[in-house]
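Each remark here refers to the structure printed beneath this line.
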There are 2 protein chains.
Amino acid sequence: MSTIEDVAKASGVSKGTVSSVFSKKRPISKEVSERVLAAAKELNYKPNYWARSLANKSTKILGLNIPGEQFKFSQFHLSLMNGVLGVCYRHGYRLLVNSLPPSYLSQVEHWVSDPVDGEIMLDPENEDPRIMERIHGQVPIVLVGRPSSQYESKVSYVDNDNVGMTEQITRYLLELGHRNLLFLNAPKHRTVAGDRELGFRSACREAGIPETHQQIVFKPDIYRPSNEFGYETTMKALQEMPEITAVIADTDTMALGVYKAAEHLGMTIPDQLSVYAFSDDSTYSPEFTPPLTGVRLHAEQLGREAAVILLEQLSKETKTVKRAIVPTEMVIRSSCTQRKTFMK
Amino acid sequence: MSTIEDVAKASGVSKGTVSSVFSKKRPISKEVSERVLAAAKELNYKPNYWARSLANKSTKILGLNIPGEQFKFSQFHLSLMNGVLGVCYRHGYRLLVNSLPPSYLSQVEHWVSDPVDGEIMLDPENEDPRIMERIHGQVPIVLVGRPSSQYESKVSYVDNDNVGMTEQITRYLLELGHRNLLFLNAPKHRTVAGDRELGFRSACREAGIPETHQQIVFKPDIYRPSNEFGYETTMKALQEMPEITAVIADTDTMALGVYKAAEHLGMTIPDQLSVYAFSDDSTYSPEFTPPLTGVRLHAEQLGREAAVILLEQLSKETKTVKRAIVPTEMVIRSSCTQRKTFMK
DNA sequence: AATCGAGATTAAACCGGTTTACTATTACGG
DNA sequence: CCGTAATAGTAAACCGGTTTAATCTCGATT
C-alpha cells in the first residue's frame with residue numbers, strides 16, 4: 001500500500017497538503033487538488049484508517065458489547081442490531097461486535113483500550129464490571145436495559161417498561177382465571193429479571209394470589225440452553241404442583257421447552273396449559289403449535305434509540321444522562337386461554 | 001487516558017521496556033515487570049489500540065461486508081454471524097460490520113483503507129466491484145457464495161451446492177406430480193440466482209417440462225420488501241397462468257407473500273398450492289400456517305468455515321485459494337403435497 | 001510605493017505505540 | 001583473569017497520518 005508520503009512526492013507537494021486535499025479541512029486550490037487526486041488514484045492510495053484514527057483521536061466506530069462466554073445472537077439481538085446499524089449507516093459509523101472472552105482480555109498481552117468511540121452495552125447485570133470499567137476508562141456508553149441503581153443516574157440507557165409490561169401480562173393471565181402461575185425468569189443477576197419479578201409479584205398481590213401460587217424460577221447462568229431449562233423446570237414444577245395452569249417464559253426458546261414438557265405430560269396447550277413468552281419473533285416458531293402468544297419488545301427501536309443517544313453524546317461535550325423507554329405491545333396468538341373449570 | 005510515556009516515567013524505565021512488558025515479545029526481569037504493571041494499574045493505563053495497530057500493521061479485526069443500501073440482517077445472516085463470531089471469539093479477533101453506503105464511501109473525505117485484517121464478504125454479485133477493490137487493495141477476503149467466474153480461481157469462498165440443492169428440490173416437487181412451477185428467484189445479478197436457475201432448469205428438462213411451464217421471476221433490485229415481491233408476483237402469475245400448482249420461493253420472507261397471495265385468491269396451501277422456500281429458519285414463521293417446507297442451509301457452518309479459511313490466510317504467507325461446500329438438507333414440513341388430480 | 005490581509009503551502013511537531021541497533025551488566029569456560 | 005556470550009534495558013527511528021506555526025504570494029487599500 002502506498003502512503004501519503006508517496007503521493008506527496010509524486011504530486012510535488014508536502015504531506016500536509018495531501019492531507020488537506022483528502023480531509024477537506026483546509027482550502028486547497030483546485031489545481032493542486034486535482035494533481036494530488038490524480039497521483040493518489042495512480043498509486044492506488046487510501047488514507048490509513050489507524051494512522052488517521054490515532055491522529056484524530058476518533059475511530060468512527062461504535063461498539064456493541066455483549067456479555068458472557070460463548071454468546072450467540074438471538075432474534076432479539078438481531079433486530080436490535082438492525083436498528084443500531086441503520087443509525088450507524090446514516091452517520092458514517094461502522095459497528096464493531098465486541099464480545100471477547102473475559103479470560104482472553106485478562107491476559108496482560110491482550111490488555112488494550114477499546115477501538116471504538118463509544119459502546120452500546122447489552123444485558124446489564126446487577127454488579128456489572130463492564131460499566132465500571134467503561135466509566136473509569138472514559139468510554140461513552142449507552143445501555144440497553146436498566147443498570148443497577150448505583151449507576152442509574154450515571155449512565156444513559158434505553159429499556160422497555162419491564163415492570164409494567166410484566167404486570168400487564170400477569171393480569172391478562174389472571175383475568176383468564178388462572179390462579180397458579182409459573183414464571184420462568186431470566187438469570188437472577190440480570191437487572192431485567194428483577195424488574196420482571198417485581199411486575200409479576202405486584203399483579204399477583206393485587207389479585208390476592210398467595211405467594212405459594214406465584215412460582216418464579218430463575219434461569220441458572222450456566223451454559224445450559226434455554227429450551228432445556230424450560231423443559232426441565234416445567235416438568236419438575238408441574239409434577240410437584242399440578243395446579244399450575246399457566247406459564248410465563250422469559251424467551252421463546254424457553255417456551256419451546258415448555259411446549260415440549262406439556263407434550264410429554266400429555267397436556268394440551270392452551271386448554272390445559274397457557275403459555276406466554278416475552279418475545280414476538282422466534283427462530284423456533286415453526287415448531288410452535290399453537291402459535292405462541294407473546295409481547296412485542298420493539299428491539300429494533302431499542303437499538304435505534306440507543307445508537308442515537310450514543311451519537312449525541314459523542315458529538316456534544318456536555319454529558320447529559322438520558323433515558324428512553326420503548327413501549328411494548330401484547331401479541332395475542334393462541335397459546336393462552338380461559339382456565340377450564342374442570343381443572344379446578 | 002494515560003500513555004505509555006506516563007507509565008515509563010512513573011516506573012522509571014523507558015518506553016521500550018514498558019512496551020515489552022505488555023507485549024511479552026522480549027524478556028523483562030520479573031522485578032521490573034512488576035513495577036511497570038503496578039504503575040500501569042495505578043495510572044489506569046491500557047495500550048492504545050490504534051497506535052498499536054498502526055505500529056503492528058495488524059488490527060485483529062475481521063470485517064463482515066454486506067452489499068446494498070439500507071441493508072437489514074435476516075435470519076440467515078444472523079446464524080452466519082454467530083458462526084463467524086464463534087471463531088473470532090476463540091482467536092481473539094473482533095468483528096466489524098462493514099456496510100456503509102457506497103454514496104458515503106465515494107466522497108473523497110471518506111476515502112479510507114478498511115480498518116480490518118481481512119474481510120468476509122456476503123452475497124457476491126456477477127460484476128462485483130467490491131471484489132476487485134479488495135484484490136487491488138491487498139485486503140484478504142473470503143466470500144460466502146460463489147464469485148463470478150473471472151474470480152473463481154482468485155478468491156477463496158464457501159458456499160452451498162446451490163445447483164444440486166435446487167435440482168433436488170425441483171425434483172421433489174415434480175415427483176409430487178407438479179407440472180407447472182413458479183420460481184421466485186433472488187435478484188438476477190447475484191451469482192446465487194444463476195446457480196439456482198441452473199438447477200431448476202436442469203431438473204425440469206430432465207422431467208420433460210416445457211419451458212413455458214418453468215416460470216422464473218427474479219426479484220428486482222429495488223428496495224421493495226421481499227414479501228411484497230412474493231405477493232405481487234404470485235398474484236400476477238397465478239392469474240395469468242392458473243395451471244401453476246407449486247411455488248419455490250428464494251426466502252421465507254418471500255414465501256410469506258406467497259401465502260398471502262394464496263389466501264387472497266382463496267387457495268389453500270398445500271392442497272391447491274405447494275410452497276417451498278430456501279430457508280429453514282424464519283422470523284415470520286408464526287405467520288405460517290401450515291408450517292413451511294424448506295431447506296437447511298447451515299448458515300452457521302458457512303460462517304464458521306469462512307472465518308477459519310480467512311484466519312488461515314492471515315496467518316500463512318502462502319495465499320492458497322480455498323473452497324468449501326457446505327451440504328444442505330431438505331426439511332419437509334407441510335406446505336407441499338401431491339398435486340390433486342382435480343386440479344388438472 | 002508601502003502596507004495590509006487573505007489564501008495557499010510547507011516544515012516540523014505530534015498522536016502513542018513497536019522495533020532496531022546499541023550499551024551495560026552479569027555468567028561462564030578455559 | 002580474560003574473552004565471549006547471553007541477558008536486560010535504552011535511545012532513537014519508525015508506523016502513517018493530522019495539525020500548528022511560520023512562510024510565501026498576490027491582489028487590494030490607502
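The chains referred to below are lettered A, B, ... by the order of the sequence lines, with proteins before strands, and numbering in each begins at 1.
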(Q) Just so I know, are the side chains of B:S148 and B:E127 near enough to count as touching, which here means a heavy-atom distance under 4.5 Å? (A) no
State whether the side chain of [X] and the backbone N or O of [Y] hold a donor-acceptor pair below 3.5 Å, judged by distance alone.
X      : Y      : value
A:H77  : A:S74  : yes
B:E119 : B:L62  : no
A:H136 : A:M132 : no

Q: Under the side-chain contact (heavy atoms from CB on, under 4.5 Å) rule, collect the residues that match up with B:L43, sequence neighbours excluded.
A: B:S2, B:D6, B:V7, B:A10
Q.
Holding to side-chain contact (heavy atoms from CB on, under 4.5 Å), I want the full list of residues that pass it with B:K322, two or more places apart in sequence or in another chain.
A. B:S156, B:I309, B:E312
Classify the side-chain pair [X]/[Y] by whether it contains a donor and acceptor separated by less than 3.5 Å.
X      : Y      : answer
B:S58  : B:D117 : yes
B:N126 : B:R190 : no
A:S20  : A:T17  : no

Protein-nucleic acid N or O pairs under 3.5 Å, nucleotides 7-12 of chain D:
{"residue": "D:dG9", "atom": "OP1", "partner": "B:S29", "partner atom": "OG", "Å": "2.9"}
{"residue": "D:dG9", "atom": "OP2", "partner": "B:S29", "partner atom": "N", "Å": "3.1"}
{"residue": "D:dT10", "atom": "OP2", "partner": "B:S14", "partner atom": "N", "Å": "3.0"}
{"residue": "D:dT10", "atom": "OP2", "partner": "B:S14", "partner atom": "OG", "Å": "3.2"}
{"residue": "D:dT10", "atom": "OP2", "partner": "B:T17", "partner atom": "OG1", "Å": "2.5"}

Q) Just checking B:S19: base, sugar-phosphate only, or nothing, at a heavy-atom cut-off of under 4.0 Å? A) base
(Q) Does the plane of the ring in A:H110 sit parallel, tilted or perpendicular to the ring in A:Y104? Use 30° and 60° as the thresholds. (A) parallel
Q.
Would you say the rings of A:F73 and B:F73 are close, in the sense that their centroids are separated by under 6.0 Å?
A. no
Q. Of the residues in residues 38-54 of chain A, which ones touch DNA chain C at a heavy-atom distance under 4.0 Å?
A. A:L54
Q) Which heavy atom in B:K60 sits nearest to a heavy atom in B:Y93, and how many Å separate them? A) C-CD2, 3.3 Å
Q | Boundaries of the chain B footprint along DNA chain C (any atom under 4.0 Å from a heavy atom) | A | C:dG16 to C:dT20
Q) Between the axis at one end of the helix from C:dA1-D:dT30 to C:dG30-D:dC1 and the axis at the other (five pairs apiece), what's the angle to 10 degrees? A) 50°
